[in-house]
Every structure is written in C-alpha cells, then in structure tokens.
Asker: 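Pasting a structure here, questions to come.
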Amino acid sequence: MHELGVVIEVVKTVEKFAAANHLVKIDTLVLQIGELSSMIPRYIKECYPAAVDGTILQDTELKIEIIPGNAICKDCNKVFNIIKNNGKCPCCKSKNWDLLSGKEFFIKEIVAC
Amino acid sequence: MSNFKVLEIKQNVFENNNRLADSLRKDLKKDKTFLLNLMSSPGSGKTTTLTKTINSLKDEMNIGVIEADIDSSVDANTIFQTGAKVIQLHTGGMCHLDAGMTKQGLIGLGTKEIDFAILENVGNLVCPAEFDTGASKNAMILSVPEGDDKPLKYPLMFSIVDVLLINKIDVIEHFDFDLEAVKERAMKLNPNIKIIPISARTGEGIDEWVDWIRTEVKKWNS
C-alpha cells in the first residue's frame, strides 16, 4: 500500500495551489493515472478519505482518469495499447516500439471557489 | 455551486519533492558532502554491509549515517559501535523517505564536517524508488535468499539505482539463485547499473564496493 504516501504528496501540492490562488472551498479533485504507472486507482480511492482527513480536501470528490499505455511501432508506425497486445505490435508483431503514454501520474485539475 | 470553477493544475505529483531534492543536492555539493541513498528489502543485510563499509573507510573520511525506520533504534545502536556519527529518523509508519525528511536528517547530522553521508532508507523495494531523496547516488542491496526474480517484480527500483550489491553471495550454493540471470535482468532495465556481488559477513567484494565509494566521493567533493 504505497499509495497512501503518494496521496499525501498530492494533498500537499493542492494545499499549496489553494493557498496561492486564495481558494476557500474545493469540490472535486481530478487525477490522471497512467495504466503503466505504479499507482493502482482502486487503492488510491480507498486511502483517499484517510489521507485528506482534516485537510482542505476533506469531503471532496475524487475523480480518476486513466491514461492508456500506448506505444508506436517503429517498424510499421501502428499505434497500439501495450497491455492489450502483450507488448507486441498487433500488425507486424514487432517488439520494437516507443512508449507514447501510460506512465503519468498527474494532478489534472480541481473544481473550487 | 455556481461559484465553483475548474482550475487546471496539470502538475506531476512528484514535482514538489523533485524540486526539494534538487535544491538539497545543490546544498550537499556546496558543503562537499556525498550522500548515498541505500535501499533494500528488510533483512537483506543493509546494516551489516554498512558496518563493514564504515570500518573500511573511517580512517580516510568523516562518515555520517541517517537511519530511517518505522520505529526502534536497533540499527542506530549497531552503527554507533563503529564510531560513525549516526542519527535515527522515525518515519512513524511511512514506508519511505522523501526529500523533506532527508533534509531533517541531514540537519540533525550536520553536513559541514561530513564527507560521506549514508541514508539507510526504510526496508522496502517499492515506495523508496518513487521518491528522490536528494542523494548524490542511489544504491540497493539484493540478498541471495530473496531470489533472482526480484528485478522482474520490482523493476522501478532496479531501474533507478546506480549500484546493485548482491549480498550473502557466500551462501549462493544453498539457494536456487541464478546470478547471471539477475545481472541480465537488471542490465535490461538499467544498462548503466554497476553490479557487485558481496558478502558482508566474509568481506568478499567489499573492496570493490569501497573503491566505488572512494571514487564517487572524490568526484563529488572535488
């Protein structure tokens, strides 16, 4: 369960942002998590209420957007999902590809006033 | 609800920590203190390896150790016997150290007179890999009884370290541990990784490890 420490890091960043922008109330927090990152969305959701307890994020809604683990094949230029295709290009079966997305772990936005 | 608006943050979650780690590294460079972040699973022999390392180097440089554990001061007491300056950090349940906690440890240690500082991270192969502590270099210990499949299970850790020590090499014949397979798996994740098989108990390989530290400390502090 290493998600808790990371969610506490999220709280620190949002607290800073809120102070800098004179926000008084936050309604929603939106995170973007890549399919290939080491964060498991289910665990993030589970530890979220505990991590935000007593902070400006208490009682806020957490939304998570999943970013697909996509790659582009260096041999035939096909863009494909790495997980669904077991790391091989579905067209030419090549394992020679560049990662396009999927390792992200971003705080995308907040809904606040 | 009408007053609520969407505010874009678009920030990497680790950005704050990364920034603090970079500034810490700059301070360490200025103070001529080389900081090594040492990571591993619990029971891999971190403290025994450290004891051997300190004993080999203590006549050449001033050494300081930051021990990080969830609780207790068992390791700090062991290190204290070597004569090195040591400080114990309690993470209070947290599974890793971040740059902020490392900074506190360094302040406690006082880096001005320390040439070589070692951060003994919490025994864990997952979370410590995510957080830059501000260290000059990162090293990890994998011990033979843990098995040769660890690079496959914890790829991030193996991909971020500069040195991999394979400890308890003296008992390798009693385990199904394929040293070549580990090397191959680790190099695939991290082509620049330096791999040194050691035994903290018998002293095998310690010379090579200590030589690496000597070179890096000199480079950093010059």
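Proteins come first, then strands; the chains are lettered A, B, ... in the order of their sequence lines, and each starts at number 1. Scope of the values below: all heavy atoms of this structure, side chains included, with no hydrogens, waters or symmetry mates.
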Asker: Could you report the tightest heavy-atom contact between B/Leu7 and A/Ala112, atom names first, then the distance?
Answerer: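 Reported closest heavy-atom pair: CD1-CB, 4.1 Å.
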Asker: Is it the side chain or the backbone of B/Asn124 that comes within 4.5 Å of chain A heavy atoms, both, or neither?
Answerer: neither
Asker: Report which part of B/Glu15 has an atom under 4.5 Å of a heavy atom belonging to chain A: side chain, backbone, both, or neither.
Answerer: neither
Asker: With A/Lys25 as the cation and B/Phe4 as the aromatic partner, state whether NZ or CZ is under 6.0 Å from the six-membered ring centre and within 45° of the axis.
Answerer: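 A/Lys25 over B/Phe4 ring: no.
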Asker: With a cut-off of 3.5 Å and sequence neighbours excluded, list every side-chain donor-acceptor pair involving residues 71-79 of chain A.
Answerer:
from: A/Asp75; atom 1: OD2; to: A/Ser94; atom 2: OG; distance (Å): 2.6

Asker: Can A/Gln32 and B/Lys10 be counted as having a side-chain donor-acceptor contact under 3.5 angstrom?
Answerer: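 There is such a pair (donor and acceptor under 3.5 Å, judged by atom type) between the side chains of A/Gln32 and B/Lys10.
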Asker: What's the verdict on side chain to side chain contact (heavy atoms under 4.5 Å, CB included) for B/Asn12 and A/Glu104, showing C-alpha distance, side-chain angles and the deciding distance?
Answerer: CA-CA 8 Å; B/Asn12 185 333; A/Glu104 298 79 358; over 6 Å; no
Asker: A side-chain contact here means heavy atoms from C-beta on lying under 4.5 Å apart; do B/Phe131 and A/Val6 qualify?
Answerer: yes
Asker: Quick check: are there more than 12 heavy atoms from other residues, nucleotides or ligands sitting under 6.0 Å from CZ of B/Arg185?
Answerer: yes
Asker: Say you draw a straight line from CG of B/Asn16 to OG1 of A/Thr13; how long is it, rounded to the nearest 0.5 Å?
Answerer: 4.0 Å
Asker: Check each atom of A/Phe17 against the heavy atoms of chain B and say whether the ones under 4.5 Å are side chain, backbone, both or neither.
Answerer: side chain
Asker: With the side chain counted from C-beta on, respond yes when A/Glu109 and B/Val6 share a heavy-atom pair under 4.5 Å apart, and no when they do not.
Answerer: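 Yes - at least one pair of side-chain heavy atoms lies under 4.5 Å apart.
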Asker: If the contact rule is any heavy atom under 4.5 Å from chain A, which residues of residues 32-41 of chain B qualify, in numerical order?
Answerer: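 The stretch does not come within 4.5 Å of chain A.
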Asker: Could you tell me which portion of A/Leu23 (side chain, backbone, both or neither) has an atom closer than 4.5 angstrom to a non-hydrogen atom of chain B?
Answerer: side chain
Asker: Does atom NZ of B/Lys85 have more than 12 heavy-atom neighbours from other groups under 6.0 Å away?
Answerer: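 More than 12 within 6.0 Å, yes.
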Asker: About how many Å separate CZ of A/Phe105 and CD of B/Gln11, when rounded to the nearest 0.5 Å?
Answerer: 12.0 Å
Asker: Nearest 0.5 Å please: distance from the CD atom of A/Glu9 over to the CG atom of B/Asn17.
Answerer: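 Here the rounded value is 5.0 Å.
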Asker: Taking only Lys NZ, Arg NE, NH1 and NH2, and the carboxylate oxygens of Asp or Glu, determine whether B/Lys5 and A/Asp27 approach each other closer than 4.0 Å.
Answerer: no
Asker: State whether the number of non-hydrogen atoms from other residues, nucleotides or ligands found under 6.0 Å of A/Gln58 atom CD is greater than 12.
Answerer: yes
Asker: Counting only heavy atoms not in A/Lys63, do more than 12 fall under 6.0 Å of its NZ?
Answerer: no
Asker: Is chain B contacted by the side chain of A/Val7, its backbone, both, or neither, given a heavy-atom distance below 4.5 Å?
Answerer: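 A/Val7 has no heavy atom closer than 4.5 Å to chain B.
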